[in-house]
Engineer: 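Sending over a structure as structure tokens; questions will come in a sec.
Everything numeric here is computed off the predicted structure, so don't read it as measured data. So that the names make sense, note that chain A is the first sequence line, chain B the second, and so on, each numbered from 1.
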Protein chains: 2
Amino acid sequence: MVNKRRRGTELETAIYQATLEALEKEGFLKLNFGHVSELAGTSKSVLYRRWDTPFELAVAAIKYKIKTENSGQMDEIVWQGHSLKEDLEQLLNRFIVSIRTFDVYSTGGIMIESSQQQQDVLKKVLDEGIEVDIRAIEQILQRAQARGEIKYVNLKEEIKLLPFDWIRYQILIRGSLEQKDVQIIIEDVLLPTYLSALN
Amino acid sequence: MVNKRRRGTELETAIYQATLEALEKEGFLKLNFGHVSELAGTSKSVLYRRWDTPFELAVAAIKYKIKTENSGQMDEIVWQGHSLKEDLEQLLNRFIVSIRTFDVYSTGGIMIESSQQQQDVLKKVLDEGIEVDIRAIEQILQRAQARGEIKYVNLKEEIKLLPFDWIRYQILIRGSLEQKDVQIIIEDVLLPTYLSALN
DNA sequence: TCAAATAAGATAATTTTAGTTTCTTATTGT
DNA sequence: ACAATAAGAAACTAAAATTATCTTATTTGA
């Protein structure tokens with residue numbers, strides 16, 4: 001390897017891509033600076049200069065990925081359903097796609113520990129997502145109200161988040177989610193819940 | 001250190017207890033044979049002979065803990081409620097206690113990866129618990145049927161598992177669960193869902 | 001009861017990995 | 001063109017994981 005040194009943004013995106021590649025192949029636990037620097041075609045010292053731990057690198061890389069690829073996707077949904085049920089189907093299926101993107105970087109997914117600091121960081125990432133989820137549900141409820149399917153739109157936050165929590169659990173922990181499961185949660189749980197609380 | 005060598009079951013329970021202690025203090029990621037062998041007052045080679053990886057040791061230790069402490073707890077619930085709602089409160093509060101026992105060994109709790117093999121092992125552990133959960137819900141439903149609160153008791157398995165999945169998610173991933181959240185899931189979600197599906 | 005088999009425990013040796021430091025030189029900006 | 005900055009390579013250090021070897025307590029069963 002000789003001349004042509006990358007730096008700044010160019011170098012960092014290369015590192016991020018290498019990190020994501022490593023995460024996909026080896027997962028979180030095995031992520032280390034040595035391997036990533038090889039993949040990125042740079043050297044360890046470059047990574048040690050920028051991040052203190054592989055964990056921080058991983059978070060930065062995932063943030064980068066979300067920013068460049070998913071940015072605004074959930075925010076700008078064009079609703080196409082003609083009923084509360086159809087809107088929910090559209091929303092949850094879209095959500096499943098985006099959560100699976102995440103899942104790739106935690107091969108399978110199992111709970112393990114992390115430091116308090118690390119938890120705070122990840123909690124923040126999660127919470128940012130939650131706001132988007134809540135807004136989406138609120139939009140759906142208002143559409144349903146306009147149609148006359150429900151009278152009110154005030155729902156407790158925990159209930160608004162229920163389908164997202166449940167889907168995350170199925171994908172990240174259980175490791176599987178079939179189409180029929182989504183139908184079940186919508187028809188047997190969400191619709192009865194909403195109709196009971198909002199009429 | 002000299003004479004008096006422990007072996008067999010005696011030695012292994014000592015190792016399991018040392019492992020659980022290490023898990024509580026340091027967590028999953030930092031679990032290693034060297035540290036555990038010190039805590040157990042034995043030597044590394046003894047551990048390397050029995051388990052290939054710290055992960056397998058951890059699983060074995062947690063299994064041991066569940067077997068000796070929690071065994072049959074959930075199975076032998078004496079129901080004390082006088083309504084479907086009260087039965088659900090009893091069940092879920094009990095469940096929360098048992099899941100928190102688990103949580104101690106994953107300080108905080110965050111999803112990270114593990115190998116396919118490891119996942120299979122943990123999936124099996126989870127699945128064993130699921131059977132107990134399902135039986136408990138079925139008992140409750142039959143009591144509700146006997147009281148006349150509901151007509152039928154046939155519920156899809158996904159729905160039966162919903163409250164357990166949801167609670168696990170809150171505790172293991174979100175990292176918190178308040179009493180009011182349990183009330184909300186029971187009153188606003190489960191009861192409407194059951195009454196809608198089973199009448 | 002005694003000898004052989006088994007497994008515990010101690011220790012040393014080896015390997016691997018993480019992390020640091022040093023140095024050279026390409027690149028940038030003034 | 002020259003000084004400042006940061007990339008990249010490599011060697012080095014330290015720590016931890018893993019393996020190997022050996023001694024000896026304990027069990028087994030003839």
Engineer: Taking A:Q145 for its side chain and A:K151 for its backbone only, find out whether a donor-acceptor pair lies under 3.5 Å.
Structural biologist: yes
Engineer: Any side-chain N or O of B:R50 less than 4.0 Å from the OP1 or OP2 oxygen of C:dA8?
Structural biologist: yes
Engineer: Closest nucleotide of DNA chain D for A:K44 versus for B:R49: which of these residues is on the 5' side?
Structural biologist: A:K44
Engineer: Go through the N and O atoms of the side chain of B:R5 and the base of D:dT24, and report whether any donor-acceptor pair is under 3.5 Å.
Structural biologist: yes
Engineer: What is the distance, to the nearest angstrom, from the CG atom on A:L11 to the C1' atom on C:dA26?
Structural biologist: 13 Å
Engineer: Give the nucleotide from the list C:dT20, C:dG9, D:dG8 with an atom nearest to the side chain of B:R6.
Structural biologist: C:dG9
Engineer: Take atom CD of B:Q183 as the centre, draw a 6.0 Å sphere, and report whether it contains more than 12 heavy atoms from other residues, nucleotides or ligands.
Structural biologist: yes
Engineer: Starting the side chain at C-beta, find the nucleotide from D:dA20, D:dG8, D:dA7 nearest to B:S45.
Structural biologist: D:dA20
Engineer: Looking only at atom types and distance, does a side-chain atom of B:E86 sit under 3.5 Å from a main-chain N or O of B:Q80, one as donor and one as acceptor?
Structural biologist: no
Engineer: Using atom CD of B:E38 as one end and atom P of C:dG9 as the other, report the distance to the nearest whole Å.
Structural biologist: 14 Å
Engineer: Strictly distance-based, threshold 3.5 Å: is any side-chain N or O of B:D181 a donor or acceptor partner for the main-chain N or O of B:L177?
Structural biologist: no
Engineer: Of all the nucleotides listed (D:dA7, D:dG8, C:dG9), which has the minimum atom distance to the side chain of B:S43?
Structural biologist: C:dG9
Engineer: D:dA7, C:dG19, D:dA17: which one has an atom nearest the side-chain heavy atoms of A:Y48?
Structural biologist: C:dG19
Engineer: Can you identify which nucleotide, out of D:dA17, D:dA6, C:dA8, has its nearest atom closest to the B:N32 side chain?
Structural biologist: D:dA17
